[in-house]
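Notes follow the structure.
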Amino acid sequence: MSLRRLTLAGVLVASLALTAACGSEDKADSGKASATCPGGKIRFGVEPFEDPSKLTPAAEALADGISKQLDCPVELTITEDYSAEVLAMENGKLDIGMFGPLGYVFASKRADAEALASFGDAEGKLSTYTAGIWVPKDSGIKSVEDLEGKSLALGSPGSTSGDALPRQAIVDAGLKEKDVKIDYAGGHPEALLALTNGKVEAAEINSQQLAVATEEGKFDQAKFRQVWTSDPIPNDPITVRGDMDPKFKEALQKALLELPKDKVAEIGKLLDVDPAGPLLKVDNKTYQPLFDLAEDLGLSEKDV
């Protein structure tokens, strides 16, 4: 819950915009503005970290849980890319957002986003995931150093595990980014497919995508090797825009921490949190390694 051609010039495209399961007629007053229902609805953005056919129903369940806890309609938007979500919150078009860790770094800087909760495992511990680089089993690539002159599929610009961390690994290996033929595939599933279809010599595959693709029979680990893995990354935070009413922030965090497991289990599974536990409290300190990563790579708002 990984860091993620980075551009904040991207515009918000609502590939999904819906009101989550709280518009029932027996809740006729639930759309009225209140401390827990600012403007009569809550605008919730989720980054496009997985295939929409899987992400949409999972995000719907999460939005429905928030809606019921706060008795307020939740308007859910799956954004076009990571930068679009940051831009939307900065422009006041999102009240809350689920970001990848690196996306959160820039949302924090641009929209004063505050991390409230993230995904816990069945033992009540904060869940993590890892970035990875994989190659075919018979490849001569044994390490990141061997990627010089080779093609590497990355996920999407601005992705934690699908962009920033693999790029950092290249630098740490003593290479320059131009030494590697980097190809942005368009997402984690696409990067994996580029490798399995023989389009590239190596690809980023994070532990979340690995689990999903392996379970679905789309990736045979016996035919490939992992040549690099990152340190554990804290999973995606659910955040609130910094200028929201403090009473709303407090109520939202309480609602998130009290969400029933069935409302977080589906999206948790996509983040390789299975079985899922309750959401757990997080803050800026939880994601300090990602702030450090952005600084180490010299990433600025212009980059993302």
Side-chain angles (χ1 to χ4, degrees), residues 1-8 10 12 15 44-52 54-55 58-59 62 77-90 94 96-111 113-119 126-132 154-168 184-191 204-212 230-241 264 267-273 279 282-284 286-294 297 299 301 303-304:
M1 185 115 278
S2 36
L3 312 168
R4 294 196 186 199
R5 244 158 341 222
L6 310 171
T7 171
L8 270 175
L12 176 66
S15 55
F44 181 26
V46 176
E47 61 177 12
F49 67 87
E50 181 53 272
D51 185 311
K54 303 184 186 74
L55 179 57
L62 180 61
T77 299
I78 306 296
T79 61
E80 181 183 23
D81 54 35
Y82 302 109
S83 60
E85 187 180 7
V86 175
L87 185 62
M89 182 170 278
E90 179 187 14
L94 292 178
I96 64 178
M98 180 174 160
F99 290 96
L102 185 58
Y104 166 61
V105 169
F106 291 98
S108 173
K109 292 180 178 181
R110 297 190 68 95
E114 300 172 15
L116 297 180
S118 188
F119 297 82
L126 186 64
S127 64
T128 61
Y129 67 107
T130 56
L154 297 183
S156 298
S159 169
T160 306
S161 60
D163 183 20
L165 281 174
R167 287 168 55 204
Q168 181 67 60
Y184 285 98
H188 298 297
E190 291 83 359
E204 70 82 10
I205 304 175
N206 71 20
S207 58
Q208 298 165 343
Q209 185 61 37
L210 180 66
V212 172
S230 72
D231 291 334
I233 311 161
N235 238 318
D236 297 14
I238 299 174
T239 72
V240 63
R241 200 175 72 242
V264 300
I267 199 165
K269 189 173 182 179
L270 297 181
L271 296 170
D272 197 24
V273 186
L279 294 177
V282 294
D283 56 26
N284 265 27
T286 309
Y287 298 91
Q288 187 58 48
L290 290 309
F291 284 86
D292 295 340
L293 176 64
L297 282 175
L299 298 179
E301 287 85 348
D303 296 310
V304 186

Problem - Stepwise side-chain contact (heavy atoms from CB on, under 4.5 Å) test for R241 and E90 - result: CA-CA 8 Å; R241 200 175 72 242; E90 179 187 14; over 6 Å; no
Practice task
Say whether Q288 and N284, considering side chains only, have a donor N or O and an acceptor N or O under 3.5 Å apart.
Solution key: no
Practice task
Mark yes when over 12 heavy atoms from residues, nucleotides or ligands other than K269 sit less than 6.0 Å from its NZ; otherwise mark no.
Solution key: no
Practice task
Determine whether I238 and L116 make a side-chain contact, defined as any pair of heavy atoms from C-beta on separated by less than 4.5 Å.
Solution key: no
Problem - Beyond-backbone contact of P157 with Y82, side-chain heavy atoms, under 4.5 angstrom - result: no
Practice task
Report the C-alpha distance between F44 and L62 in whole Å, list the side-chain angles of each, state the deciding distance to 0.1 Å, and finish with yes or no for side-chain contact (heavy atoms from CB on, under 4.5 Å).
Solution key: CA-CA 10 Å; F44 181 26; L62 180 61; 3.9 Å; yes
Completion exercise
With sequence neighbours left out, the residues meeting side chain to side chain contact (heavy atoms under 4.5 Å, CB included) with Q168 are V171, D172, L293, D296, L297
Handout entry: Heavy-atom check, side chain of F49 versus side chain of I267, under 4.5 Å
Key = yes
Handout entry: Residues forming a salt bridge (charged side-chain N to carboxylate O under 4.0 Å, His left out) with E114, sequence neighbours excluded
Key = K249
Problem - Steps toward side-chain contact (heavy atoms from CB on, under 4.5 Å) verdict (L126, S118) - result: CA-CA 7 Å; L126 186 64; S118 188; 3.7 Å; yes
Fill in the blank from the handout: Between D236 and P101, the two heavy atoms sitting closest are OD1-CD, 3.5 Å
Practice task
Please lay out, stage by stage, how F119 and M98 fare under the test side-chain contact (heavy atoms from CB on, under 4.5 Å).
Solution key: CA-CA 11 Å; F119 297 82; M98 180 174 160; 3.8 Å; yes
Practice task
Go through S127 and N235 one step at a time and tell me if the side-chain hydrogen bond (donor to acceptor under 3.5 Å, both in side chains) criterion holds.
Solution key: CA-CA 6 Å; S127 64; N235 238 318; 2.9 Å; yes
